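Source: prediction; values computed, not measured. Chain naming here is simple, since letters A, B, ... match the order of the sequence lines and numbering starts at 1 in each.
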2 protein chains.
Amino acid sequence: MEFKRAADGEKGFEKVFAFLRERLLTGSLRPGDRLISERELATLLGVSRPIVREALRALTVLGIVEIRDRIGTVVTRPDVSVLNDFFTFALAQQADMLEDVMQARVAIECQAIRLACERANIADFERLQRALTKIGETIDEADAGGMADFDFHRAIVVASHSETLSVLHASMAGLLTHSHRSRRELVQAFPSMKTYLVDDHRRIFEALIARDPERADATLRKHFAIGDEYRRRAVVGDIDKTSASG
Amino acid sequence: MEFKRAADGEKGFEKVFAFLRERLLTGSLRPGDRLISERELATLLGVSRPIVREALRALTVLGIVEIRDRIGTVVTRPDVSVLNDFFTFALAQQADMLEDVMQARVAIECQAIRLACERANIADFERLQRALTKIGETIDEADAGGMADFDFHRAIVVASHSETLSVLHASMAGLLTHSHRSRRELVQAFPSMKTYLVDDHRRIFEALIARDPERADATLRKHFAIGDEYRRRAVVGDIDKTSASG
DNA sequence: GTCTGATCGTGGTCAGACCAGTATGCTTAC
DNA sequence: GTAAGCATACTGGTCTGACCACGATCAGAC
């Protein structure tokens with residue numbers, strides 16, 4: 001073990017990472033398990049501790065593992081934050097990606113609502129109902145209104161009972177949060193938007209209750225399309241006349 | 001710099017990571033840029049080199065940065081592999097996630113085909129045409145057939161000209177590759193599947209050419225549904241009688 | 001039995017060193 | 001003057017051995 005020459009062919013980091021990867025993928029290491037200490041791992045694989053730490057840190061940012069100070073390293077259940085990080089970086093370097101991410105969000109939600117039509121239970125309906133009520137109540141507030149809107153859409157995804165869809169949606173929603181908010185500020189400029197917001201969400205809710213996937217999907221899609229339309233009109237300055245009151 | 005006590009409040013790793021994160025998010029560091037050397041970074045932030053390496057390694061697994069041996073560390077364009085890694089690990093620990101990931105894939109593809117109806121160009125159509133031809137040619141081969149199938153579906157996503165959808169699709173497709181292959185082996189057991197495969201893909205292609213998003217979406221969805229049905233029948237052992245030849 | 005404290009193990013970090021190549025510039029040969 | 005060759009100063013990749021601060025554990029005091 002005194003040779004840095006990895007007879008295994010892999011460099012230090014790769015060796016450790018591959019070692020742990022294999023244990024994790026084959027199920028030898030499951031969530032909740034505690035890894036052997038960094039020192040043991042180092043001597044076991046014939047590498048130095050800093051290298052082991054690199055590998056553990058890599059697994060940490062992937063959300064696979066959690067390094068607990070003075071306790072040890074434990075395997076965790078895969079977490080969303082990774083995707084969040086990734087998309088945050090990715091988006092930062094490609095600002096034009098925003099519209100693109102929105103497309104992905106639409107994709108996720110439309111699929112989610114289809115699944116939700118099959119799988120939603122009473123609790124899901126209640127959650128949606130509450131969100132719907134909230135949307136009506138907060139129609140005049142940009143902040144609370146945006147949050148209510150967000151909650152409703154999230155409730156749809158939750159109702160799909162799909163972990164993957166939830167994860168993906170959560171990671172995109174985070175990115176779209178601010179755009180969501182600024183969009184909400186348009187409501188004041190478009191009084192007609194108020195009825196659109198309330199009615200549209202209600203229609204989506206009804207389709208969901210009716211457990212009609214096609215209608216739910218179509219309604220949701222239309223909802224997004226109308227939102228886009230409002231945004232377009234805002235860009236070109238086509239404000240509702242009736243709102244000139246200010 | 002002799003104090004490990006970080007006056008900045010953050011621990012070593014966090015300090016370096018936050019430092020780089022900020023540069024990356026604000027655009028001070030853009031893809032292609034070369035970071036300063038590990039040593040410089042270490043003295044600059046008052047930490048040791050191993051810590052710097054941890055941070056760089058973290059960014060590497062996130063696909064934000066690439067460490068080139070004896071050259072330096074350069075900022076890269078965000079890459080899919082991160083998501084791939086994540087889903088690989090996530091799936092390994094929650095096997096029941098497979099069906100779930102499939103749902104996400106359906107979501108992505110259906111949205112992609114809608115966009116593709118608007119955005120696809122000649123090159124996209126040609127790619128799809130080639131894939132379609134290949135599917136017909138390789139109908140009797142499990143391996144090549146599966147690949148042709150995969151290429152066709154990927155071509156749909158590519159035709160959407162959406163980076164985000166492509167990224168997501170790529171990361172899921174990787175996971176579903178083997179299931180795709182095993183599914184392909186069913187073809188031999190289900191002769192009726194051959195016509196299904198060819199015809200279905202052709203119908204999808206035609207809807208795309210017609211630039212009819214609704215029809216394309218619906219056809220693609222049906223395609224997936226039929227695939228599921230075949231799988232279900234395989235599970236319960238309901239094999240086509242006509243294939244008893246073996 | 002309970003409380004207290006020493007010890008051991010853990011992650012967190014550092015400093016300094018060596019290796020192996022790359023890149024560059026300077027020297028040397030033509 | 002130009003071109004080949006070599007020395008040097010980088011770069012990442014790694015190791016060693018050490019220290020710190022704190023959690024856990026168990027022995028000993030009460």
Side-chain angles (χ1 to χ4, degrees), chain A residues 1-21 23-24 29 31-76, chain B residues 1-21 23-24 29 31-76:
Chain A
M1 67 281 286
E2 56 288 346
F3 297 108
K4 77 175 52 170
R5 302 253 44 82
D8 315 271
E10 293 155 317
K11 306 293 189 181
F13 169 81
E14 291 297 337
K15 180 154 62 171
V16 182
F17 193 76
F19 175 83
L20 293 173
R21 167 184 220 121
R23 309 277 152 142
L24 287 163
L29 283 173
D33 291 356
R34 192 161 133 244
L35 272 62
I36 59 180
S37 75
E38 297 177 355
R39 281 169 246 260
E40 286 181 275
L41 214 42
T43 63
L44 175 63
L45 295 177
V47 299
S48 67
R49 201 146 81 90
I51 300 301
V52 171
R53 297 202 100 256
E54 275 185 44
L56 293 179
R57 187 68 78 174
L59 289 173
T60 299
V61 301
L62 281 176
I64 313 296
V65 129
E66 185 183 343
I67 304 179
R68 292 185 187 154
D69 194 356
R70 276 151 283 166
I71 302 291
T73 306
V74 300
V75 183
T76 66
Chain B
M1 67 279 290
E2 57 287 348
F3 298 108
K4 77 174 50 167
R5 301 253 45 80
D8 313 273
E10 292 154 318
K11 306 293 190 184
F13 169 81
E14 290 296 337
K15 182 153 60 172
V16 183
F17 192 77
F19 175 83
L20 293 173
R21 167 185 220 121
R23 308 277 152 143
L24 287 163
L29 283 173
D33 292 356
R34 196 164 127 238
L35 272 61
I36 57 180
S37 75
E38 297 178 353
R39 281 169 246 260
E40 284 180 275
L41 214 42
T43 64
L44 175 64
L45 296 177
V47 299
S48 66
R49 206 150 79 90
I51 300 301
V52 172
R53 297 204 100 247
E54 276 185 42
L56 292 179
R57 188 67 78 175
L59 289 173
T60 299
V61 300
L62 281 176
I64 314 295
V65 130
E66 185 184 344
I67 304 179
R68 292 181 187 158
D69 194 357
R70 275 150 284 173
I71 303 290
T73 307
V74 299
V75 183
T76 65

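Nucleotides of DNA chain D nearest to A:Phe13 and A:Asp69 differ in position, and the one nearer the 5' end is that of A:Phe13. Ranked by how close their nearest DNA chain D nucleotide is to the 5' end, B:Ile71 and A:Ser48 are led by B:Ile71.
Computed from coordinates, the B:Ile36 CD1 to D:dG12 C1' distance equals 14 Å when rounded to whole Å. Taking atom CG on B:Leu41 and atom C1' on D:dC10, their separation rounds to 16 Å, with Å as the unit. We find that CG of A:Leu35 is positioned 13 Å from C1' of C:dT10, with the value rounded to whole Å. Per the geometry, CD belonging to A:Glu54 stands 7 Å off P belonging to D:dT14, to the nearest Å. Distance, A:Arg68 CZ to C:dT10 C1': 13 Å, rounded to whole Å. If you measure from atom CD1 of A:Ile51 to atom C1' of D:dT16, you get 12 Å, rounded to the nearest angstrom. Remark: P of C:dA15 and CG of B:Leu45 are 13 Å apart, rounded to the nearest angstrom.
The side chain of B:Thr73 contributes an N or O atom lying less than 4.0 Å from OP1 or OP2 of D:dG12. Within the structure, a side-chain polar atom (N or O) of B:Ser37 is placed less than 4.0 Å from OP1 or OP2 of D:dT11.
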Only pairs under 3.5 Å count here: list side-chain donor-acceptor contacts from residues 55-66 of chain B, not counting sequence neighbours, and write none if there are none.
residue: B:Arg57; atom: NE; partner: A:Glu54; partner atom: OE1; Å: 2.7
residue: B:Arg57; atom: NH2; partner: A:Glu54; partner atom: OE1; Å: 2.8
residue: B:Thr60; atom: OG1; partner: B:Leu56; partner atom: O; Å: 2.8

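The residue A:Glu40 sits close only to the backbone: its heavy atoms come under 4.0 Å of sugar-phosphate atoms, none of a base.
Of the candidates C:dT13, D:dC15, C:dG21, the closest approach to any side-chain atom of B:Arg70 belongs to C:dG21. In this structure, of C:dA15, C:dT13, D:dT14, it is D:dT14 that holds the atom nearest to the side chain of B:Arg57. Closest contact between the side chain of A:Glu38 and the listed nucleotides C:dG11, C:dT10, D:dC15 involves C:dG11.
In this structure, the side chains of B:Leu41 and B:Thr73 stay at 4.5 Å or more apart for every pair of heavy atoms.
Side-chain N/O atoms of B:Arg39 and base N/O atoms of D:dG12 include a donor-acceptor pair closer than 3.5 Å. Evaluation of atom-type donor-acceptor distances gives a pair under 3.5 Å for the side chain of B:Arg49 against the base of D:dT14.
In this structure, CD1 in B:Ile51 is found 11.0 Å from CD in B:Glu14, a value given to the nearest 0.5 Å.
Residue B:Pro50 comes nearest to A:Pro50 through the heavy atom pair CB-CB, 4.2 Å, listed as atom of the first residue, atom of the second, then distance.
Applying the ring-ring contact (aromatic ring centres under 6.0 Å, His included) criterion to A:Phe13, with sequence neighbours excluded, gives A:Phe17.
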